[in-house]
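We count residues from 1, following the sequence as given.
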Amino acid sequence: MAKHKDYVTQSDEHNARGIELADRGWLDEAMSEFRKAIKLDPLSAHAHDNLATILAEKGQLIDALSEYLEALKADPESPSAYHYLGSFLAAHGHELAISQYRKAIELEYEFPDAHLNLALALADNCQLDAAISELEIALEQAPEDEMISHELASCLIDLGRHTEAIHHLKRIIKTHPQHIEIWIDLGIAYTAQGFFAEAESAFKKGINIDNQNFGSHYHIAALYTSWNRHRDALDFLETAKTIDSERTRKWLLEDRVFDPLRDEPRFKKLIANE
């Protein structure tokens, strides 16, 4: 027992020395001290957390994640261990996911799901051009995959490449005519291009498929606002509110498309906090 206490004491000393070295920017030396601390006391959660922090700073994300998990195993009741793991995931979650998808593709290039999921992670990280490149590869490998085509079209819409998006959406519609989200995105792309009649037709197809779909009613209202058909816009917004009152109010408060309606009494009622 005394010997164990000596090891713990020595471990704490190496851990403290590692913190001092890290504060001075001597990361490799700090890592060496934290590893000595762990060797002496494998259950030192603080040493695992500190080593993980340095590994993350050096871009060794998998090794860092491993150490954060070791800290939790060492002390599953430690609030700080959960906190440090959460902070790591918040800061590096997307980067970690992207690196692992890329590793999967490096090992097996013909892997459309890996290209798709890499693209989704890139898009979430606002890297839309890179996401589109991966989606194009995924689509080439799995040309009949509806989800890949839809995600590609969505990214193209976000980048303002509406003509290309329309091409992909129309191709999906041929084989999946009941896919309401495709009709909505097609309507959004047509609206952005100024093809209002085509957009109206697309949104109404969606409404015919499911009259209780919030998105169809909301986006056709946006179309009618841009088309200066304000009464029609308000009619569909009122229907949207019956479907999802809180979302209607929240979106209308932020959506500048509806600025031409803001002085209308019916619009004011839509955004009233009742």
Side-chain angles (χ1 to χ4, degrees), residues 59 61-62 65 88-203 205-206 209-210 213-216 218-220 222-223 226 247 251 254-257:
L61 300 183
I62 289 295
L65 177 59
F88 170 78
L89 293 173
H92 300 288
H94 274 115
E95 187 180 352
L96 183 60
I98 289 168
S99 69
Q100 297 315 293
Y101 291 134
R102 283 187 167 141
K103 182 63 177 178
I105 291 166
E106 180 185 324
L107 294 169
E108 184 179 344
Y109 186 76
E110 295 290 326
F111 196 163
D113 283 349
H115 288 286
L116 169 61
N117 287 312
L118 172 56
L120 295 176
L122 289 166
D124 286 343
N125 210 33
C126 300
Q127 299 179 52
L128 290 178
D129 286 318
I132 286 174
S133 296
E134 292 299 327
L135 287 165
E136 289 173 341
I137 294 169
L139 190 59
E140 183 178 340
Q141 294 177 0
E144 302 306 317
D145 192 307
E146 170 199 356
M147 183 177 179
I148 294 172
S149 293
H150 191 191
E151 292 296 340
L152 176 55
S154 296
C155 286
L156 289 166
I157 289 172
D158 289 341
L159 281 176
R161 293 164 59 178
H162 299 107
T163 301
E164 296 168 77
I166 290 168
H167 167 76
H168 289 288
L169 293 167
K170 289 173 73 174
R171 189 171 67 85
I172 302 170
I173 285 295
K174 289 180 181 178
T175 53
H176 298 83
Q178 297 301 305
H179 195 317
I180 191 168
E181 297 301 326
I182 303 299
W183 286 113
I184 292 172
D185 283 346
L186 187 58
I188 290 170
Y190 275 137
T191 300
Q193 290 285 82
F195 301 144
F196 291 166
E198 291 84 352
E200 180 183 40
S201 176
F203 289 132
K205 290 280 181 60
I209 293 168
D210 179 5
N213 181 274
F214 171 84
S216 297
Y218 183 89
H219 288 293
I220 199 171
L223 162 68
S226 299
R247 182 159 45 149
W251 285 20
E254 300 173 356
D255 197 336
R256 310 314 304 178
V257 168

Give a yes or no answer on whether the side chain of [X] reaches the backbone of [Y] with a donor-acceptor pair at less than 3.5 Å.
X	Y	result
W183	Q178	no
N125	Q127	no
S201	A197	no

Could I get the full list of salt bridge (charged side-chain N to carboxylate O under 4.0 Å, His left out) partners for E106, not counting sequence neighbours?
->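 E106 satisfies salt bridge (charged side-chain N to carboxylate O under 4.0 Å, His left out) with K103 only.
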
Give me the atom names and distance for the closest heavy-atom approach of [X] to [Y].
X	Y	value
P177	T175	CD-C, 3.4 Å
A199	T191	CB-OG1, 3.3 Å
V257	S226	CG1-OG, 4.2 Å
F203	G187	CZ-C, 3.3 Å

Distance in Å, [X] [atom1] paired with [Y] [atom2], rounded so as to fall on 0.5 Å steps:
X	Y	atom1	atom2	answer
D210	E181	CG	CD	9.5 Å
Y190	L169	OH	CG	9.0 Å
D185	I157	CG	CD1	4.5 Å
I166	I188	CD1	CD1	11.5 Å
S99	H94	OG	NE2	12.5 Å

In chain order, what residues pass the side chain to side chain donor-acceptor pair (under 3.5 Å) check against D124, with sequence neighbours excluded?
-> none

Partners passing side chain to side chain donor-acceptor pair (under 3.5 Å) against H92 (at least two apart in sequence or in another chain) =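 H92 satisfies side chain to side chain donor-acceptor pair (under 3.5 Å) with E95 once adjacent residues are dropped.
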
Pairs flagged by side-chain hydrogen bond (donor to acceptor under 3.5 Å, both in side chains) wherever residues 157-173 is involved - sequence neighbours left out |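 The answer is S149-R171, R161-E164, T163-Q193.
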
Heavy-atom distance under 4.5 Å between the side chains of I180 and K205, does that happen here?
-> no

Do F88 and L96 come within less than 4.5 Å of each other through their side chains, counting heavy atoms only?
-> yes

For residues 188-201, which residue pairs qualify under salt bridge (charged side-chain N to carboxylate O under 4.0 Å, His left out), counting only residues two or more places apart or in two chains?
->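 For residues 188-201, and leaving out neighbouring residues, the salt bridge (charged side-chain N to carboxylate O under 4.0 Å, His left out) pairs sorted by first residue read E200-K204, E200-R229.
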
Just distance, no hydrogens or angles: give the donor-acceptor pairs under 3.5 Å from side chains in residues 130-147, sequence neighbours left out.
residue, atom, partner, partner atom, Å
S133, OG, D129, O, 3.3
E134, OE1, H115, ND1, 2.6
Q141, OE1, F111, N, 3.1
Q141, NE2, Y109, O, 3.0
D145, OD1, M147, N, 3.0
D145, OD1, I148, N, 3.1
E146, OE1, H176, NE2, 3.3
E146, OE2, H179, NE2, 2.8

